[in-house]
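The chains referred to below are lettered A, B, ... by the order of the sequence lines, with proteins before strands, and numbering in each begins at 1.
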Amino acid sequence: MPNLKFCKMKIIKAPYKSWGGIHPRYHKDLAADRALREMPLPELLQISMSQHLGAPAKPVVKKGDSVMQGTLIGEAAGFISANVHSPVSGVVKDVVPAITLTGAMIDSVVIEPDGEDKRVNDLAPLADWQAVAKKDLIARVAAAGVAGMGGAGFPTHVKLSPPPDKTIDTLIINGAECEPYLTADYRLMLESPERVWLGVSILRHILGAKTVRIAIEDNKPEAIRAMEQAMRNADGDVAIVELATEYPQGAEKQQIFAITGREVPSGGLPMDVGAVVENVGTAAAVFDAVFEGMPLIRRITTVTGLPLNAPGNIIAPLGTSYRALIEACGGCADTVKLISGGPMMGIAQAIDTVTTTKTTSGLLALGAPDVSLYESMPCISCGRCVDACPMNLVPSELSQYLEAEDYEGAEELHVMDCIECGCCAFSCPAHRPLVQHMRQGKARVMLKRKKK
Amino acid sequence: MDMLQFILITSGAIALVGVVCGTALAVAARFFAVHEDPRIEKVAEILPGANCGGCGLAGCTEYARAIVVDGAAINLCAPGGNEVIEQIAAFLGREATAAKKMVALVLCGGNDTQAQKRHAYNGVADCTAAQAVNGGDKACTYGCLGYGSCSRICPVAAIEICDGLAKVHPELCISCGACVKVCPRNIIKMVPADAPVHVLCSSHDKGPVVKKMCKVGCIGCTLCTKQVENQAITMDRFLAVVDYSKETPGKAAAEKCPVNCIIAADDSSSDAQPEVLQNENN
């Protein structure tokens with residue numbers, strides 16, 4: 001008879017407290033109880049070739065081609081890049097540059113769905129994945145175009161291939177979802193925890209990590225219970241970590257510190273301290289790629305905000321326009337600001353014809369009472385941003401360097417370590433555009449380093 | 001030991017140290033000397049000393065070195081103009097080939113009253129920063145953002161922002177090219193100072209799209225190209241482009257333009273000048 005006490009999943013509190021952080025109002029109640037649902041197929045899908053961090057994929061289809069669900073339409077251009085597949089069967093209407101969520105013009109494949117959803121079986125399911133060589137599993141993840149689904153969209157196969165001198169002993173699965181309003185990861189953990197857990201098992205097998213930690217904020221007890229249930233037969237050093245509810249607990253470096261007490265060195269990567277962090281959505285995508293041979297062609301997007309008539313968690317094919325998503329949620333007449341992502345790190349959108357990518361975790365509509373136009377004032381040296389910065393930087397001083405366009409001075413003050421979480425700007429009583437200063441400073445320093 | 005002896009020994013020792021060090025320095029100066037062409041210094045003196053970087057080198061001394069040692073062209077110094085070229089030519093005994101005076105020009109005419117904005121922008125007042133927020137607040141994705149990155153980098157304050165549009169004052173421009181490099185939309189170009197006609201638009205969008213966003217945007221009607229015979233104005237993806245290497249016609253093309261985005265040179269200066277005077281009077 002199995003020892004019940006041993007089998008019960010371990011749930012631990014986060015042993016360390018990461019620096020800084022803020023407590024914004026979460027507004028998760030708007031969409032938290034809305035079950036995942038598929039939306040009606042849009043008339044046109046416009047799939048950007050820049051679905052991920054790194055080089056945009058190279059389109060491999062042309063106007064007039066007919067494609068099936070899962071047909072490769074964009075080929076990874078380089079190592080840090082990812083394949084893009086057609087989410088539906090249909091006809092390629094055009095391959096044109098189109099505006100993406102960052103405002104850049106990137107090649108996009110426009111597909112008119114035929115509604116039949118015929119699937120191409122290029123990738124055979126690998127049900128017996130334990131017997132498959134790690135190299136082939138990584139190749140499968142790359143072929144399926146899996147990219148980090150937490151927001152940055154770092155190609156997953158790159159994270160799974162650490163250089164030989166780095167040993168990975170800890171795999172952290174990020175289900176914190178600290179960004180206000182968003183509930184996509186929460187619904188995923190609640191509704192298909194088995195998929196997440198099997199994906200985690202594959203990731204663990206590939207990386208050979210001894211320790212596995214599932215990190216969930218303690219404001220999501222249902223998700224913790226669901227994951228606990230799915231992981232009841234797990235063996236080895238596996239545990240769920242209950243993180244204190246605080247923004248940005250979902251940030252990679254803060255999470256590693258809260259769980260292991262290891263600090264990622266300045267300019268370094270999590271693998272420098274023997275850890276890899278993957279989002280729960282990425283784990284589910286890895287499961288789909290390996291068990292079902294299904295490339296990453298759809299994702300859960302939380303469409304939320306007070307002006308929306310029916311907020312929800314929508315399973316949308318890649319390339320769905322924001323307008324179609326909003327219509328699927330009952331429309332919103334009084335929106336004054338549309339944000340792709342959450343309110344802290346999302347990007348405000350000027351037009352609603354922009355389409356979803358592998359990283360679109362949310363679409364947030366804000367009405368007039370939710371937003372305000374502030375005038376930025378000089379720094380009053382109150383130090384609130386210094387207390388709030390989770391990276392231990394001094395945003396007040398940095399922003400003054402950057403305002404004076406002294407990029408070398410800013411580099412000395414470690415502007416490159418900024419994770420652009422927005423805690424400083426959130427806490428600034430003078431309403432200074434601190435994050436924007438940091439972003440610009442980082443871009444300039446990168447440009448300077450590239451020139452050298 | 002009496003006092004005198006003590007002073008003599010001390011000063012003797014110091015003198016000895018001095019002689020030894022002096023000899024060492026003299027020997028080092030003789031054997032380790034770096035020979036530098038004295039002409040470099042002279043050429044650097046002739047150059048204006050603005051260190052603007054317009055020649056593509058790190059400063060006037062570097063350019064002087066490039067001229068003397070590497071035989072670089074002597075007409076690259078835009079601020080110096082023909083006077084400097086002649087002086088260097090006379091000093092080095094090279095042939096003086098006058099460079100065409102170039103000035104920067106912002107290829108956009110859509111100011112706040114003529115061009116639409118597509119969203120409110122309340123962030124850092126800098127073009128690169130504005131461009132990074134969803135591609136800028138101007139409805140036209142090609143036009144001048146008007147947050148003055150060019151004006152701030154200009155070493156001689158030749159760029160003014162009038163009504164949300166950057167304007168270069170050609171008589172002040174030293175053609176160093178700093179603004180061309182900093183503009184995130186790449187719409188500042190170096191053009192010959194004496195070119196009679198310019199197309200003040202960079203939009204490759206189709207006519208109806210442009211029309212919605214800007215009153216003075218090129219709609220790609222091709223009327224101007226028909227006014228010239230030597231293909232000095234050609235169409236490039238719905239945008240009229242002046243080929244400055246060819247002789248460009250005077251006012252005919254400008255007068256024909258239905259949206260007034262083509263200007264004859266006289267207009268551009270008279271257009272900008274009164275605004276400056278107004279500002280100074282205020």
Drop me the distance from A:Gln440's CD to B:Asp126's CG, to the nearest 0.5 angstrom. 4.0 Å

Are there more than 12 heavy atoms of other residues, nucleotides or ligands under 6.0 Å from atom NZ of A:Lys93? no

Would you say that more than 12 heavy atoms from the other residues, nucleotides or ligands in this model lie under 6.0 Å from the CE of A:Met446, or not? no

Check each atom of [X] against the heavy atoms of chain B and say whether the ones under 4.5 Å are side chain, backbone, both or neither.
X: A:Arg439; value: neither
X: A:Glu405; value: side chain
X: A:Leu402; value: neither
X: A:Thr102; value: backbone

Heavy-atom pairs under 4.5 Å with chain B - which of A:Lys337, A:Arg444, A:Glu403, A:Arg432 has more of them than the others? A:Arg444

What part of B:Ala129 lies closer than 4.5 angstrom to a heavy atom of chain A: side chain, backbone, both or neither? both

Nearest heavy atoms of A:Gln436 and B:Val124, plus distance in Å: OE1-N, 2.7 Å

If the condition is side-chain hydrogen bond (donor to acceptor under 3.5 Å, both in side chains), which residues does [X] pass it with, not counting sequence neighbours?
X: A:Lys448; result: A:Glu411
X: A:Thr359; result: A:Thr357
X: B:Thr222; result: B:Lys226

By number, which residues in residues 113-121 of chain B have some heavy atom less than 4.5 Å away from chain A? B:Arg118, B:His119, B:Tyr121

Keeping the roles fixed (side chain from B:Asn134, backbone from A:Ala348), state whether a donor-acceptor pair exists under 3.5 Å. yes

Count the heavy-atom pairs under 4.5 Å between each of B:Val133, B:Asp137, B:Thr141, B:Thr128 and chain A, then report the option with the highest count. B:Thr128

